[in-house]
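First comes the structure, then the notes that go with it.
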Amino acid sequence: QVDRFMFKLVVDYPSDREEAAVVARSLGGPIAIEKKLSLAALESHALSARDIYVDRQVVEYAVALTNATRRESPYVEYGSSPRGSINLVHAARALALLRGREYALPVDVRDLARDVLRHRLVLSYEALADGVTPDALLTEVLEDVPMPQIELSRAEGAA
């Protein structure tokens with residue numbers, strides 16, 4: 001069922017100092033929550049992400065990364081399903097929007113690949129015994145699958 005989530009973010013334990021600050025904050029009453037974004041604004045951003053252009057090479061790169069997780073390996077029982085490719089492209093659109101672009105680039109896919117794919121790999125018992133993590137396997141995938149270079153027009157490159 002975790003395959004239905006777009007991301008799996010890894011959050012490490014806080015340092016002693018950070019954890020002490022969290023505990024200290026918990027001793028007071030509830031804090032006032034400040035609204036930063038209206039529902040209408042959030043919906044507007046979501047609609048804007050749909051307008052981000054995705055070149056065929058970006059889609060092909062996402063598919064190649066996802067497909068590489070399915071290659072025969074003693075450490076992987078099952079690689080990512082097609083939802084991995086779908087979510088890589090949708091996440092890349094959103095990241096392109098956040099980065100101020102009207103188009104997604106392969107680098108957007110690459111930068112999100114671990115977060116989008118790590119929970120989509122089913123590791124073998126051998127991987128677990130050898131201490132191999134999904135992130136280590138995805139690092140190999142990212143090194144093995146060449147990232148396409150998309151030439152931008154002079155106007156786009158100067159912007």
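Counting begins at 1 with the first residue of the sequence.
- Hydrophobic cluster of Tyr78: the remaining members, joined at side-chain heavy-atom separations below 4.5 Å, are Val122, listed by chain and number.
- Residues satisfying the side-chain hydrogen bond (donor to acceptor under 3.5 Å, both in side chains) test with Ser85, not counting sequence neighbours, are Thr66.
- Under the 4.5 Å side-chain criterion, counting only non-hydrogen atoms from C-beta, Asp55 is not in contact with Tyr103.
- A salt bridge links Asp135 with Arg118: the closest approach of a Lys/Arg side-chain nitrogen to an acidic carboxylate oxygen falls below 4.0 angstrom.
- Every residue two or more places apart in sequence or in another chain was checked for a salt bridge (Lys or Arg N to Asp or Glu O under 4.0 Å) with Arg93, and none qualifies.
- Interatomic distance, Ser44 OG to Leu37 CG, rounded to the nearest 0.5 Å: 9.0 Å.
- Counting heavy atoms of neighbouring residues, nucleotides and ligands inside a 6.0 Å radius, atom CD1 of Ile33 does not exceed 12 of them.
- Taking each heavy atom of Val89 and Ala62 in turn, the nearest pair found is CG2-CB, 3.7 Å.
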Could you walk me through whether Glu77 and Leu123 pass the side-chain contact (heavy atoms from CB on, under 4.5 Å) test, one step at a time? CA-CA 5 Å; Glu77 284 291 325; Leu123 301 186; over 6 Å; no
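- The shortest non-hydrogen separation linking Ala91 to Val116 is CB-CG2, 4.2 Å.
- Residues Val76 and Leu137 come closest through the heavy atom pair CG2-CD1, 3.7 Å.
- With rounding to the nearest 0.5 Å, the separation of CZ in Arg120 from CZ in Arg70 is 11.0 Å.
- Tested against Arg101 for a side chain to side chain contact (heavy atoms under 4.5 Å, CB included), the candidates Leu98, Leu97, Leu105 yield a single pass: Leu105.
- In this structure, CG in Leu88 is found 13.0 Å from CZ in Arg110, a value given to the nearest 0.5 Å.
- Nearest approach of Met147 to Tyr61, heavy atoms of both residues: CA-CE1, 3.6 Å.
- Under the 3.5 Å distance criterion, the side-chain polar atoms of Ser80 are left unmatched by any main-chain donor or acceptor of Thr69.
- A distance of 9.0 Å separates NE2 of His90 from CZ of Arg50, quoted to the nearest 0.5 Å.
- With Glu19 contributing its side chain and Asp16 its backbone, the two residues share no donor-acceptor pair below 3.5 Å.
- Formation of a donor-acceptor pair under 3.5 Å by the Asp108 side chain with backbone atoms of Ala104 is not found in this model.
- With values rounded to the nearest 0.5 angstrom, Ser124 atom OG is found 6.5 Å from Leu128 atom CG.
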Quick one, Leu121 with Leu138, criterion side-chain contact (heavy atoms from CB on, under 4.5 Å). Give me CA distance, side-chain angles, the key distance, then yes/no. CA-CA 9 Å; Leu121 303 181; Leu138 289 168; 4.0 Å; yes
Applying side-chain contact (heavy atoms from CB on, under 4.5 Å) to Ile150 and Val58, what does each step give before you reach the verdict? CA-CA 9 Å; Ile150 295 179; Val58 174; 3.7 Å; yes
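- Checked against salt bridge (Lys or Arg N to Asp or Glu O under 4.0 Å), Asp111 has the following partners two or more places apart in sequence or in another chain: Arg99.
- No more than 12 heavy-atom neighbours from other residues, nucleotides or ligands sit within 6.0 angstrom of CD1 on Ile31.
- Listed by first and then second residue, the side chain to side chain donor-acceptor pair (under 3.5 Å) pairs that reach into residues 20-36 are Glu34-Lys36, sequence neighbours excluded.
- Under the rule for a side-chain hydrogen bond (donor to acceptor under 3.5 Å, both in side chains), Thr133 has no partner lying at least two apart in sequence or in another chain.
- At a cut-off of 3.5 Å, with distance as the only test, a side-chain donor of Asp130 or Tyr75 sits close to an acceptor on the other residue.
- Ile52 and Ala96 get closest at one heavy-atom pair: CG2-CB, 4.0 Å.
- Residue Pro148 comes nearest to Gln57 through the heavy atom pair CB-OE1, 3.6 Å, listed as atom of the first residue, atom of the second, then distance.
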